[in-house]
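None of these values were measured; they are calculated from a predicted model.
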There are 2 protein chains.
Amino acid sequence: MSDAHGGESLLFLTDEQLRQGIEAMFFAYRGFTADPDRILEGMAYGRAHHRAVHFIARAPGTTVNNLLAILGVTKQSLNRVLRTLVEDGLVESRVGTSDKRERNLYLTEQGTALERKLSDAQRSRMRAAYRAAGPEAVAGFRTVLEAMMDGEMRRRYLRLRDGRS
Amino acid sequence: MSDAHGGESLLFLTDEQLRQGIEAMFFAYRGFTADPDRILEGMAYGRAHHRAVHFIARAPGTTVNNLLAILGVTKQSLNRVLRTLVEDGLVESRVGTSDKRERNLYLTEQGTALERKLSDAQRSRMRAAYRAAGPEAVAGFRTVLEAMMDGEMRRRYLRLRDGRS
DNA sequence: AGCTTAAGTCAGCTATGTTGACATTCCAAG
DNA sequence: CTTGGAATGTCAACATAGCTGACTTAAGCT
């Protein structure tokens with residue numbers, strides 16, 4: 001238990017420190033989603049559309065099933081979002097080539113434009129935070145976040161990150 | 001646009017790095033809320049109840065208005081949550097002493113029990129992540145999160161953190 | 001041929017957020 | 001003392017985004 005942090009105080013593991021971390025996550029996540037949310041309000045879209053568009057941009061040609069697993073929602077929930085995106089011409093759904101039961105999802109030019117707009121806003125805040133915090137803080141930030149993920153989600157995250165999608 | 005990666009260690013500011021940070025936030029937040037969510041499902045409560053109970057435990061006697069500002073929701077939305085908590089005997093709402101228009105909110109014994117259960121689960125994951133990442137990573141984690149908050153929320157967070165609540 | 005899988009759909013439910021309108025209570029300023 | 005405004009609470013109506021369950025269609029596999 002009391003492992004070798006070589007004389008380190010373990011003060012960062014007190015309940016008080018943990019609670020501060022919890023609250024930091026809560027408030028930071030609000031900031032994290034604030035800018036895209038602002039862009040989306042007034043459009044007929046919400047955070048769910050943002051997430052779908054993000055991961056389609058991230059892995060073009062991804063299947064519905066894969067997206068379901070990444071987003072962790074039911075197909076009914078995703079389908080509602082996806083349908084509006086396809087109807088509005090932001091997403092294209094092509095019948096799979098090898099397996100025709102599958103649908104491969106792609107952003108249209110219009111979809112790409114929206115994705116870029118949302119992503120620019122979110123990256124811009126991220127960049128400001130990273131710049132203010134410095135490279136070492138950023139490395140620590142990533143390390144803790146990865147340790148906080150559920151096992152299944154961590155695997156998905158790493159696979160995406162390392163391009164083994 | 002074509003931001004100079006001027007040969008230097010600004011590698012952590014590339015769009016690719018920022019995107020990875022964004023996805024890390026997304027997946028980590030899922031883990032962050034997973035354990036309390038699991039406890040709450042089946043009870044008549046949800047994440048909104050958890051948040052209310054958390055911040056009442058954090059600052060006993062807080063007013064409804066203060067809670068509204070911290071949670072960033074409308075009073076109607078909070079009121080629905082608060083009402084069920086009061087009806088179920090988890091939260092006590094006392095008329096303010098100096099200003100009788102205000103209501104001061106406190107957890108009952110029962111409310112404290114639920115809060116502890118939720119908080120234990122959430123802290124436990126946090127502790128595991130902190131332990132795995134080490135003190136320096138934790139410091140960086142906190143630094144980046146704070147830099148990511150909106151100004152108003154950062155002020156609230158710091159006030160809570162430093163006990164100037 | 002028959003089972004499984006991928007996707008999509010319909011119906012209905014829940015949780016959590018939103019506006020808008022309004023009542024009550026109380027403090028404070030004219 | 002009255003009036004105006006602030007803090008709180010309530011009611012109604014609605015939107016978003018999640019859920020379950022039941023079902024269809026088409027395609028692939030054994």
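Here D:dA17 presents its P atom at 12 Å from CE of A:M43, a figure rounded to the nearest Å. B:R94 places its CZ atom 20 Å from the C1' atom of C:dT25, with the value rounded to the nearest Å. If you measure from atom OH of A:Y45 to atom P of D:dA17, you get 12 Å, rounded to the nearest angstrom. Whole-Å rounding puts the B:K100 NZ to D:dA6 C1' distance at 17 Å. Taking atom CG of residue B:N66 and atom C1' of nucleotide D:dA6, one finds them 16 Å apart after rounding to whole Å. Remark: P of D:dT8 and CZ of B:R83 are 16 Å apart, rounded to the nearest angstrom. At whole-Å resolution of the value, CG in A:L85 and C1' in D:dT16 are 14 Å apart. Distance, A:H50 NE2 to D:dG18 P: 13 Å, rounded to whole Å.
When the nucleotides D:dA27, D:dG18, D:dG9 are ranked by their closest atom to the side chain of B:R103, D:dG9 comes out on top.
No engagement by A:T84 is indicated, since no non-hydrogen atom pair under 4.0 Å with the nucleic acid exists.
Proximity of a side-chain donor or acceptor of A:R123 to a complementary backbone N or O of B:R19 within less than 3.5 Å is not detected. Listed for the B:R58 side chain is a donor-acceptor partner under 3.5 Å among the backbone atoms of B:L160. A:R51 contributes no side-chain N or O that, together with a main-chain N or O of A:L71, makes up a donor-acceptor pair within less than 3.5 Å.
When each of B:N65 and A:H49 is assigned the nucleotide of DNA chain D bearing its nearest heavy atom, the one mapping closer to the 5' terminus is B:N65.
Within residues 70-82 of chain A, the residues that have a heavy atom under 4.0 Å from DNA chain C are, in order of number, A:K75, A:Q76, A:N79.
Around CD of A:E109, the count of heavy atoms belonging to other residues, nucleotides or ligands within 6.0 Å does not exceed 12.
For the side-chain contact (heavy atoms from CB on, under 4.5 Å) test, residues two or more places apart in sequence or in another chain that qualify with B:V81 are B:A48, B:H49, B:A52, B:L85. Take A:Y29 and apply the ring-ring contact (aromatic ring centres under 6.0 Å, His included) test, not counting sequence neighbours, and it matches A:F32, B:Y29.
Contact check on B:D120 versus B:K117 returns no salt bridge, with no Lys/Arg side-chain nitrogen under 4.0 Å from an Asp/Glu carboxylate oxygen.
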